[in-house]
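See structure below.
Naming: A, B, ... by sequence-line order, numbering from 1 per chain.
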Number of protein chains: 2
Amino acid sequence: MNTAPAASSAPAGGPRWLTDEEQRVWRSYIEAATLLEDHLDRQLQRDAGMPHVYYGLLVKLAESPHRRLRMTELAMSAKITRSRLSHAIARLEKSGWVRREDCPSDKRGQFAVLTDEGQEVLDRHAPGHVDAVRQAVFDRLTPEQQKSLGEIMRIVAEGLQPNGAGADLPWLR
Amino acid sequence: MNTAPAASSAPAGGPRWLTDEEQRVWRSYIEAATLLEDHLDRQLQRDAGMPHVYYGLLVKLAESPHRRLRMTELAMSAKITRSRLSHAIARLEKSGWVRREDCPSDKRGQFAVLTDEGQEVLDRHAPGHVDAVRQAVFDRLTPEQQKSLGEIMRIVAEGLQPNGAGADLPWLR
DNA sequence: TGGTGGAAGTTGAGAGTTCAAGCAATATTG
DNA sequence: CAATATTGCTTGAACTCTCAACTTCCACCA
């Protein structure tokens, strides 16, 4: 959803428009990404009572030593801003799935800790979520396509990473 | 962000967990999608004063006959709900980039029409947006990868489409 | 022709996100 | 060691999105 004046590319320094084929690829990407995010959000909101991102946060915590992570680490790992994470953790705390703990070695620091309830919610709804992901993505792709998707997305993600040879951001603002 | 108890898959009817490799692919997808959407939103918000989705709506209108589309058609084409579109068009109307028009043949119907101002905003910011997309995606992928990405995302999108051999939804609720 | 069911679109409230500003604690530097 | 800059995280307001009504109008059919 974004480009195309008339023909393909401009003569010299003008904007390098997307070719028709590039446009088709981009459009497919946007559509799939929109539908997929929407689909997973809806599935998890219905079944587990939280959006997809929040579920992802619980998973990250569950995989971490002592089920805990510093706020900034969690934010970086989930690729979201600290602000967004602050609000998210506040909400997850209200639901009883996460608890905050002070960091002993740095009085500014906070740990987000997965509670037992949080772990239970995760255990209870993981199968349904995996199914949704399978049905929407993996079951429809050949092994080669899956591999390809992984490589492609890894490249794109790296390019947008604060460090990743591309950006100059102090990490997402 | 979502799956993995310990090993790969369960014996019988149990949930089919993602393999380690599938998990890596999925993680890469989520990260790239999150970073990309964030990046484009920020770019467009800064330069053009609207989020990526809204920009996409203007593009759809610009490509349509008489720069207009019925609300439902626009919503379907952009893969968003009617409700979301209603709010979005209200906002774009306030900004002066879109105007609503009654449909003569169906008194319930509304057209969303791109205004001249809207077209100008689009013309003014398209180059910057194309650049952003190129830098983040196309410049980093080989032609084969681009082709592959297109095929993969087309498949995923089709699977989540209301009709597309998969869902039973009255089109997104 | 007058119900009745469905389609088109909107609305408002609640939830989530962004952005800029802010506070407190740590690191750095002269 | 006292300024000063930086880091870690939070906050509130403005904005966007979702969900569940709700209104209006069309289409169908007896």
**Request:** Round to the nearest Å and state the distance from B:His52 atom NE2 to C:dT18 atom P.
**Result:** 15 Å
**Message:** Test: salt bridge (Lys or Arg N to Asp or Glu O under 4.0 Å). Region: residues 117-133 of chain B. Which pairs qualify, not counting sequence neighbours?
**Reply:** none
**Message:** Please list, in numerical order, the residues of residues 87-95 of chain B that have a heavy atom closer than 4.0 Å to any atom of DNA chain D.
**Reply:** B:His87, B:Arg91
**Request:** Would you kindly give the CG-to-P distance between B:Asp102 and D:dC25, to the nearest whole Å?
**Result:** 11 Å
**Request:** Quick one: list whatever passes salt bridge (charged side-chain N to carboxylate O under 4.0 Å, His left out) with B:Asp139, sequence neighbours left out.
**Result:** A:Arg16, B:Arg134
**Prompt:** Over how many whole Å does the gap from A:Asp41 atom CG to C:dA15 atom P extend?
**Reply:** 16 Å
**Message:** Without decimals, in angstroms, what is the distance between A:Leu74 CG and D:dC9 P?
**Reply:** 10 Å
**Complete:** B:Arg84 CZ to C:dA15 P, in whole Å, measures 19 Å
**Prompt:** Between A:Arg67 and A:Asp116, does at least one N-O distance fall below 4.0 Å, as a salt bridge requires?
**Reply:** yes
**Asked** What nucleotide, of C:dT18, D:dC25, D:dC19, holds the atom closest to the side chain of B:Lys107?
**Response** D:dC25
**Request:** Round to a whole Å and report the spacing from CD of B:Glu37 to C1' of D:dT16.
**Result:** 12 Å
**Asked** Considering residues at least two apart in sequence or located in another chain, which fulfil the side-chain hydrogen bond (donor to acceptor under 3.5 Å, both in side chains) criterion with A:Arg68?
**Response** A:Glu101
**Request:** Could you check which of D:dT16, C:dG16, C:dT17 has an atom nearest any side-chain atom of A:Pro51?
**Result:** C:dG16
**Request:** Could you list the residues that satisfy side chain to side chain contact (heavy atoms under 4.5 Å, CB included) with A:Val25, not counting sequence neighbours?
**Result:** A:Glu21, B:Phe138, B:Leu149
**Complete:** salt bridge (charged side-chain N to carboxylate O under 4.0 Å, His left out) filter on A:Arg91, not counting sequence neighbours, yields none
**Asked** Starting at CZ of A:Arg42 and ending at P of C:dA15, how long is that distance when rounded to a whole Å?
**Response** 17 Å
**Fill in**
Among the nucleotides C:dT18, C:dC19, D:dT18, whichever has the atom closest to the side chain of B:Thr81 is D:dT18
**Prompt:** Looking at residues at least two apart in the chain, or sitting in another chain, which of them share a salt bridge (charged side-chain N to carboxylate O under 4.0 Å, His left out) with A:Arg154?
**Reply:** none
**Item:** Sequence-aligned protein contact record of nucleotides 3-10 of chain C, with B where the base is within under 4.0 Å of a protein heavy atom and S where only the sugar-phosphate is
**Value:** ---BBSBB
**Asked** Any side-chain heavy atom of A:Ile89 within less than 4.5 Å of one from A:Leu74?
**Response** yes
**Request:** Return the value, rounded to whole Å, for the distance between atom CE of A:Met50 and atom P of D:dC19.
**Result:** 15 Å
**Message:** Using the side-chain hydrogen bond (donor to acceptor under 3.5 Å, both in side chains) criterion, which residues pair with A:Arg70? Sequence neighbours excluded.
**Reply:** none
**Prompt:** Closest nucleotide of DNA chain C for B:Gln45 versus for A:Gly49: which of these residues is on the 5' side?
**Reply:** A:Gly49
